[in-house]
Amino acid sequence: MTVQMTNQLSELGKLVERFTKEEGLNKTAVPSLFFIRESQVTEPIHAVFKPSICIILQGEKEVLLAQDRFQYGPEDYIVSSVHLPVIGQVIKASKDAPYLAFKLEFTPREIFGLISDSNSQFERKKNMNRAMYISKADHPLLDAATRLGQLLEKPEHIHVLAPLYKKEILYMVLQGSHGAILRQMAIEGSQTYRISEVIDHIKLNYVSAFRIEDLADKANMSVATLHRYFKQVTAMSPIQFQKNLRLQEARRRLLAESTDAAEVAFQVGYESPSQFSREYSRMFGLPPKEDIKQLRANPLQSKNA
């Protein structure tokens with residue numbers, strides 16, 4: 001790592017520390033920008049990553065996407081180009097050197113707008129890549145991220161400058177070594193774009209049962225092709241993806257509301273409370289009642305669940 005990169009990471013890290021009032025994910029005054037701070041190693045946390053770029057400034061984190069393992073630290077950034085259910089764990093952090101990260105969420109429309117503005121022609125590739133990847137940050141990307149973060153010190157400029165700096169950051173990511181993965185997700189009509197539409201459909205309708213044939217029709221693919229491409233992008237099948245979303249939402253509802261497990265099971269689409277309990281235990285390690293009791297006894301873990 002060059003001295004220039006070290007200084008940039010340090011400067012941006014100080015901004016994150018200054019504007020994080022609590023542990024975990026902190027919303028900022030800049031739309032779609034979040035700062036993350038963890039002062040200790042965390043337990044594995046189940047979450048759904050939104051389309052986003054996360055630049056790591058200090059500490060290390062590990063994310064599991066099904067059986068895929070992503071580990072990253074300072075100078076790395078991780079991109080999720082679609083909604084993805086994952087398990088994340090901060091694996092290097094302390095009170096003196098907390099885990100610090102800069103997270104910027106985006107939409108496919110914003111990526112498509114950048115592609116259109118560039119007047120470049122991109123091939124609609126048939127090969128599929130994971131919708132999540134890690135890459136190395138460089139000076140231009142960190143410079144743009146720092147300028148976006150510095151707007152928090154001059155909030156009167158956020159409305160005008162934040163969209164420009166965000167566009168610059170996303171452009172730098174598109175120009176990176178793995179930018180083609182992000183581009184394919186936004187090019188209408190590409191195979192990966194159609195898979196992303198299926199992902200959005202399942203996310204919006206996770207409570208409802210679906211026929212794989214209907215999803216294949218939606219993507220204009222055969223059932224076998226849909227299965228293969230969906231797994232290449234998300235590392236899981238459509239059914240596994242839906243199950244993950246259901247169980248994460250069930251956990252959130254159980255934690256936030258005074259509702260019993262059977263009622264929540266029906267709310268998220270299960271027809272059998274016993275099946276729900278089995279799958280919940282398999283995913284979170286404990287039956288619903290015991291898991292929620294443990295989460296409530298640990299406020300920090302509960303906040304990040």
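This is a predicted model, so every value here is computed, not measured.
Looking at S39 and Y99, their side chains never come closer than 4.5 Å, going by heavy atoms from C-beta outward. Side-chain atoms of V63 and Y72, non-hydrogen and from C-beta on, do get closer than 4.5 Å to each other. Inter-residue side-chain proximity for P98 and E17 is flagged as met; some heavy-atom pair is nearer than 4.5 Å. T259 is not listed as a side-chain neighbour of R253, based on a closest heavy-atom distance of 4.5 Å or more. Counting heavy atoms from C-beta outward, Q232 and N129 have side chains that stay 4.5 Å or more apart.
Ring geometry for F35 against F102 counts as tilted: the plane angle lies between 30° and 60°, on a 0 to 90° scale.
Using a 4.0 Å cut-off between charged side-chain N and carboxylate O, R147 and D143 make a salt bridge. The pair R37-E23 counts as a salt bridge, with a side-chain nitrogen and a carboxylate oxygen less than 4.0 angstrom apart. Under the 4.0 Å criterion applied to side-chain N and carboxylate O atoms, D117 and K167 are assigned as salt-bridge partners. Electrostatic pairing of E249 and R252 counts as a salt bridge here, judged by a charged N lying under 4.0 Å from a carboxylate O.
The other members of the hydrophobic cluster of L64, by chain and number, are I87 (side-chain heavy atoms under 4.5 Å, ILVMFWY only).
No more than 12 heavy atoms of other residues, nucleotides or ligands lie within 6.0 Å of NZ in K289, so this atom counts as exposed by the packing criterion. Heavy-atom contacts from other residues, nucleotides or ligands closer than 6.0 Å to CZ of F276 number more than 12.
Aromatic rings of H83 and F49 (six-membered ring for Trp) have centroids beyond the 6.0 Å cut-off, not under it.
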Using atom types as modelled, flag every donor-acceptor pair under 3.5 Å from a side chain in residues 148-163 to any protein atom, sequence neighbours excluded.
| from | atom 1 | to | atom 2 | distance (Å) |
| --- | --- | --- | --- | --- |
| Q150 | NE2 | E11 | OE2 | 2.9 |
| E153 | OE2 | R18 | NH1 | 2.1 |

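The side chain to side chain contact (heavy atoms under 4.5 Å, CB included) test with M132 singles out one residue from V79, D68, I78, and that residue is I78.
Relative to the six-membered ring of Y206, R246 misses at least one condition, a distance below 6.0 Å or an angle of at most 45° to the axis.
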L247 and F284: CA distance, side-chain angles, deciding distance, side-chain contact (heavy atoms from CB on, under 4.5 Å) verdict:
CA-CA 9 Å; L247 291 171; F284 298 117; 4.1 Å; yes
